[in-house]
Amino acid sequence: MIHPAMRAYQNVAGYSLTDRQADATCFRLLIDELETASASTDPSVRLKALTKNQRLWSMIMKANSLDSGATNYEDRELIVRLASQAQRYGIRAILDNTLSLAPLVGIAETVLEGLETSAGAGQEFDTDAML
């Protein structure tokens, strides 16, 4: 007989995300939000998407600025530079509501593609299965 707590843990563990899958999910959500904001005329929708963009890139920059030894220096430097560019453009887009969000979507799509490619074929995580 399996203890109910162990069964609950096993159920949750079967749907747990790897770090790469969690990162990919964040970028998918960001892309959706930015695309929605691009199509919307509501300034609050745009501001909400740009705020999420800034927060995500800020977390990425902070995580890669710290030397955890998990990622080599050159890759961390590249990621921090990319985060900086995305944040700078995001600030410009916040200040100028006529500025296109397409560059931010493009950066996010490129990162997502890299996350999915390096994860290996057949390892894409279906977040809909969790809900």
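Excluded from the calculations below are hydrogen atoms, water molecules and symmetry mates; all remaining heavy atoms, backbone and side chain alike, are included. Here the structure is a predicted model, which is why all the values come from computation and not from measurement.
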Taking side chain as C-beta onward, heavy atoms only, is I79 less than 4.5 Å from M61?
->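 In short, these two side chains do not touch, never coming nearer than 4.5 Å.
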Give, for atom [atom1] of [X] and atom [atom2] of [Y], the distance between the pair rounded to the nearest 0.5 Å.
{"X": "D23", "Y": "R20", "atom1": "CG", "atom2": "CZ", "value": "7.5 Å"}
{"X": "T51", "Y": "E33", "atom1": "OG1", "atom2": "CD", "value": "9.5 Å"}
{"X": "S58", "Y": "Q87", "atom1": "OG", "atom2": "CD", "value": "5.0 Å"}
{"X": "I94", "Y": "N53", "atom1": "CD1", "atom2": "CG", "value": "8.0 Å"}
{"X": "S40", "Y": "K48", "atom1": "OG", "atom2": "NZ", "value": "11.0 Å"}
{"X": "T36", "Y": "D42", "atom1": "OG1", "atom2": "CG", "value": "12.0 Å"}

Indicate yes or no for a side-chain donor-acceptor contact from [X] to the backbone of [Y] under 3.5 Å, with no hydrogens or angles considered.
{"X": "S84", "Y": "V80", "answer": "no"}
{"X": "R76", "Y": "N64", "answer": "yes"}
{"X": "T25", "Y": "Q21", "answer": "yes"}

*Please list all pairs passing the ring pair (Phe, Tyr, Trp, His ring centres under 6.0 Å) test where one or both residues lie in residues 78-106, with sequence neighbours left out.*
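Qualifying pairs: none.
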Search all heavy atoms of [X] against all heavy atoms of [Y] and return the closest pair with its distance.
{"X": "L30", "Y": "A49", "answer": "CD1-O, 4.3 Å"}
{"X": "C26", "Y": "L56", "answer": "CB-CD1, 4.2 Å"}
{"X": "L99", "Y": "A93", "answer": "CD2-N, 3.6 Å"}

Cluster overlap [X] with [Y], hydrophobic side-chain contacts below 4.5 Å:
{"X": "L115", "Y": "L78", "answer": "no"}
{"X": "I31", "Y": "L47", "answer": "yes"}
{"X": "M59", "Y": "I91", "answer": "no"}
{"X": "V45", "Y": "L101", "answer": "no"}

Does a side-chain N-to-carboxylate-O contact under 4.0 Å join R28 and E109?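 No, this pair does not count.
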request  = For the residue pair D96 and T98, confirm or rule out a side-chain donor-acceptor distance under 3.5 Å.
outcome  =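 Judged by distance alone, the side chains do pair up.
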What verdict does the side-chain contact (heavy atoms from CB on, under 4.5 Å) test give for E35 and D32, after you've listed the backbone C-alpha separation in whole Å, the side-chain angles of each residue and the deciding distance to 0.1 Å? CA-CA 5 Å; E35 287 175 340; D32 288 345; 4.3 Å; yes
By the definition side chain to side chain contact (heavy atoms under 4.5 Å, CB included), identify the one residue from V111, T110, I60 that meets it with L82.
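Between L82 and the candidates, side chain to side chain contact (heavy atoms under 4.5 Å, CB included) is satisfied uniquely by V111.
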Exercise. Just wondering, are more than 12 heavy atoms of other shown residues or ligands nearer than 6.0 Å to CD in Q85?
Worked result: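 For Q85, atom CD is crowded (more than 12 foreign heavy atoms under 6.0 Å).
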